[in-house]
Amino acid sequence: MSLAAAAVLVLAPSAPAPTGVVPPPGPAASATLSGSSGPPASFAGSSGPPASFAASSGPPADLDALFVGAHPDDEAFTLSTLGQWSEDHDLRTGVLTVTRGEGGGNAVGPEEGPALGLLREAEERAAVAKAGVREVFNLDEVDFYYTVSAPLTHRIWGEDTLEKVVRVVRQTRPEILLTMDPAPSPGNHGNHQQAARLAAEAFYAAADPLAFPEQITREGLRPFAPARLFLGRARGTSQNGPDCASTFRPANPAQNVFGVWSGRVSPSQGRTWAAIERDAQRVYASQGWAVFPDVPSDPAQLGCDFFTLVDSRVPFPGPGTAAAAAPTAVFDGALVRTAGAVPLGTMLDLRPSTFDVRPGTAFTVKVTAAAPSREPLGRSAVVLRVPEGWQVSGSGELGRLAPGRTGSATFTVTPPQGAAPGERARLAAALTTERGRGYTDRQVEVSPAVRGGQRLLPQVEQYEKWAAELDAPQLRGLVTPVLTLPSGGSRQVGVVVTNVSDTTQSGSVRLDLPAGFTADRAEAPYSGLRAGASTTVPFTVTNTDTSLKTSNDGGDYFYTITTTGQDGSSLSRPALELVPATSIPRATSAPVVDGVAGEGEYTGPSLDVSRLWEGSACSSAADCSGTAKVAWRDDTLFLLVQVKDDVIGTRLPASDCKRHWRTDAVEVTLDPRGTSENTATTFKTAVLPVTAEGPPCFERDADNHQGPGAETAPGMRVASKVSTGEYAVEMAVPMEVLPGAVDPAHLGLNVLVYDSDTQDRTGQTRIGWSTWGGVQGDPYRWGIATLPGYLPPAERPTTPPDPVIPDTGLSSLDSPQSLEQAVLLGLPLAGGPAAKPSESGSVTFAAGARDAVKVTLRAGSAGRAHLFVRDAQGTAGSRVVTVSGGGTTTVRVPLSRATGAHPVVVAGWQARTGGTAASRTRVR
């Protein structure tokens, strides 16, 4: 998880976010909805000896709610809510984590790769257990590095990840799906975005028998339709205290947001759930979270966990009602039947014929209700509620709804001619039956015949396309359109004009820019735009006032786009983001890389790298501040970064020269053409000014080829000079190691300083030159540099090579905790299919000796067994065995220590066709 600022106002978690530590960075088939299941199972060894034999075959686990995240700790700011649901309402919740966070830092040891994944999985299981969560499902996808790109994440995780998520949903059958923010909001981790998109896609796909049909025909699973899908965040404002849910005001007034107050006291623990959640967060010590401060002791200072409703197949509490502000609002109607409500299992759906509605133009709305499979609703009717001034006609009679029967009503709705373009409106259906009442609603957006907007960034454009393909238009428009502009520079701004009417349109586009900006023309026409078509109207915009603030100091400059059509005009309010710019001079002679600014070496302007972008503010210039100078000579870039720092952070060993955010470091980022969508086509290097051995070290991270500097940037040289209260880092970067030839008119450049004032491998402050939340992963917001006189070698390619991405994720077969859970729940591993009975294998007997355990395996065919000897203290021995064919095999598992009471052998089986199984037996 990363701390990242957003361009929109986003409510903080229930407990105030800690400061002082910066962590690393279609209609569905219906299904019967059941109530809460029994209490969750516990792990082996927690309450006496296990059964002598158990194997992963049996009914699926039945969850009430499932959180879908990308890494261990992604669920950490919802644990207050999950704990209340578990303790107060006996709901069984689980967590699905796509990766084990192997790409993150490690503040507690040298582990990385799969070993770090094993550590972080253990942290996650211990953390969520404090909220009563027992089931954690890992999908074994690789956590490669911090990126803000969902497309890159999708590329690395692969096409089969959705199939895994759908399989887990069908296996565990949760009524409530919770997830993260799917939109490319500034600083939002691309892994988080993609995990949320997978959850949203699975909400629909799991219910569709045509989606991954082999799970149904070959694996015996059934389609399952979760009742509701929520994002575990909200855009809006609220007050802290027990009224935080009722005082929430969403940025989009047609959005449904429910809150659960974290200030409630746990009856069993006698503390607020915010405090319990904070204890759980501190379990993530590897991510530097062990030092998180206490939450306020005054409950009035504690806020809500907020959940934004994306979709619901069942009735839910109406906005503004007492039920909507209740802590049970998220699951009322899905898991709990409240007084006067329709029976559980009642389906209620509202579908407008279009999301984009036009003033004065009628559209239809279809409302459908279905009775539970075993309970009638009797005579039923719906009333359609529309905004004031809108017209509605049509009968809402649904007839008598017997068990399993469906009724529908179609209404005609006409917005008034004066409906404000661009506004979201709520259409609501109130259901009345002989067995109770229900409510649902949907959003629509008012649009004139033609609308215009600033061309979107590639990631945002891809997100909007995804939302459209998912048929979830309510997820549109979550990101404010922005385009960056170098201070004092120019760029082309394209306005995309779209005709949403059914007739050809002509009109004009006008830009109203703020002071300090000009365009080559104030207004431009378009004509002959066919129905449903789009065209781009270009403008050239220039920043004429170089004194204007850049970056997060106030570098967002909003302006107005007015697009006229034959029935009126629409307004759009995008922003131009000013990034700093510089000119890099040619040095008269190559600077000496010694950490000192020699006479005449750097004649260009000094860059201020003291602006805060994440973490705690510097207490003074002496605490953390800096300047940078840049020059070029021949085919090499030279940089000198001078930093004021009164406390030197942890001196890491040179062998641990990686994950530079854990201590003091200088990071330099270079985008050769200044056009990269993500950092996989850039060069990023970090220099640690000191190591445990003394000299500095350098590495590449989260770029086209990360790893030790000598291997990934041959020919690069670094030096440092450390003195009391300050240090300097100097480097020479051969431009031939960059992923592509430099465009001397548009080099993306940033200099970032990581400051740590502790010795526990945690960073507290991040400052830099071009500063935005999450900027280390967003080359679009880096500064722009020109290199007058420089020409790259003619033979140097401009297209970057394919990135070298880490691919060493931990396999669940090598995680004894995952194996133990698979045995208890009767499920295969990592969201994959179960091994066929004829190809499965299991452990049937184990006998202990002083230095080894003799294990008997029975297999249907060839495969591989991953064996672990376990007791209450963990793993005492392990071995991977290849079995050449069917039958019984006996092997020895050597012990690394003596076993404690009640040892067991836990086995994971990998069939030759890819399926898995888990089994366990007592050591005799």
Side-chain angles (χ1 to χ4, degrees), residues 41-46 49-58 61 114 117-118 121-122 125 135-138 140 810-849 851-897 899-900 902-924:
S42 57
F43 283 130
S46 61
S52 62
F53 173 76
S56 56
S57 60
L118 198 62
E121 179 187 350
R125 291 185 183 277
E135 279 72 63
V136 177
F137 303 91
N138 297 102
D140 294 2
L810 177 70
S811 167
S812 289
L813 288 160
D814 294 320
S815 167
Q817 296 178 100
S818 292
L819 296 176
E820 288 173 335
Q821 177 176 292
V823 172
L824 289 169
L825 300 183
L827 297 176
L829 298 164
K836 299 176 183 178
S838 61
E839 298 181 349
S840 190
S842 62
V843 57
T844 61
F845 181 81
D851 59 352
V853 171
K854 187 181 346 182
V855 177
T856 300
L857 296 166
R858 182 177 299 146
S861 64
R864 185 181 292 261
H866 298 242
L867 305 173
F868 298 87
V869 179
R870 300 274 287 172
D871 57 19
Q873 282 72 50
T875 299
S878 63
R879 183 180 177 185
V880 178
V881 178
T882 299
V883 177
S884 59
T888 299
T889 302
T890 299
V891 299
R892 295 177 74 254
V893 179
L895 296 176
S896 58
R897 60 171 173 81
T899 58
H902 311 305
V904 298
V905 170
V906 183
W909 178 262
Q910 175 81 62
R912 58 185 175 184
T913 57
T916 62
S919 58
R920 180 188 63 200
T921 191
R922 177 192 303 163
V923 177
R924 301 183 182 279

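- The minimum heavy-atom distance between Thr875 and Pro816, with the atom names listed, is OG1-CG, 3.6 Å.
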**Report entry** side-chain contact (heavy atoms from CB on, under 4.5 Å) evaluation trace for Thr921 with Thr844
**Finding:** CA-CA 6 Å; Thr921 191; Thr844 61; over 6 Å; no
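- Distance check, rounded to the nearest 0.5 Å: OG of Ser812 to CG of Asp140 gives 3.5 Å.
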Requested in this report: I would like to know whether Gln873 and Arg897 meet side chain to side chain donor-acceptor pair (under 3.5 Å); could you show each step before the answer?
Outcome: CA-CA 11 Å; Gln873 282 72 50; Arg897 60 171 173 81; 4.7 Å; no
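- At least one side-chain heavy atom of Val853 sits under 4.5 Å from a side-chain heavy atom of Leu895.
- Looking only at distances, a side-chain donor or acceptor of Thr916 sits under 3.5 Å from a matching main-chain atom of Leu829.
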Query raised in the report: Between Leu857 and Leu867, is a side-chain contact (heavy atoms from CB on, under 4.5 Å) present by the stated rule, with each step listed?
Result: CA-CA 10 Å; Leu857 296 166; Leu867 305 173; 3.9 Å; yes
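- No donor-acceptor distance shorter than 3.5 angstrom exists from the side chain of Arg864 to the backbone of Val880, with no hydrogens or angles considered.
- For Arg858, the CZ atom counts as loosely surrounded, since its 6.0 Å shell holds 12 or fewer non-hydrogen atoms of other residues, nucleotides or ligands.
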Query - side-chain contact (heavy atoms from CB on, under 4.5 Å) between Val883 and Arg912, intermediate numbers included - result: CA-CA 10 Å; Val883 177; Arg912 58 185 175 184; over 6 Å; no
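- By the 4.5 Å heavy-atom criterion applied to side chains, Val893 and Val905 are not counted as neighbours.
- Side chains of Arg924 and Lys854 form no contact here, defined as non-hydrogen atoms less than 4.5 Å apart.
- Proximity of Glu135 to Leu824: side-chain heavy atoms (C-beta onward) are nowhere separated by under 4.5 Å.
- Counting heavy atoms from C-beta on, the side chains of Arg125 and Gln821 come closer than 4.5 Å.
- The two residues Arg879 and Arg892 make their nearest non-hydrogen contact at NH1-O, 2.7 Å.
- Formation of a donor-acceptor pair under 3.5 Å by the Ser919 side chain with backbone atoms of Val843 is found in this model.
- The minimum heavy-atom distance between Ala907 and Leu819, with the atom names listed, is C-CD1, 4.0 Å.
- The two residues Gly908 and Leu813 make their nearest non-hydrogen contact at C-CD2, 3.7 Å.
- At distances below 3.5 Å, at least one donor-acceptor pair connects side-chain atoms of Ser896 with backbone N or O atoms of Ala876.
- In this structure the side chain of Asp814 never reaches within 4.5 angstrom of the side chain of Leu118, judged on heavy atoms.
- Of all non-hydrogen atoms in Ser815 and Leu810, the two that sit nearest each other are CB-CD2, 4.2 Å.
- Residues Ser884 and Ala862 come closest through the heavy atom pair O-CB, 3.4 Å.
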**Report entry** Worked verdict on Asp871 versus Thr899 for side chain to side chain donor-acceptor pair (under 3.5 Å)
**Finding:** CA-CA 7 Å; Asp871 57 19; Thr899 58; 5.4 Å; no
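- Residues Glu839 and Trp909 have side chains not in contact (no heavy-atom distance under 4.5 Å, counting atoms from C-beta outward).
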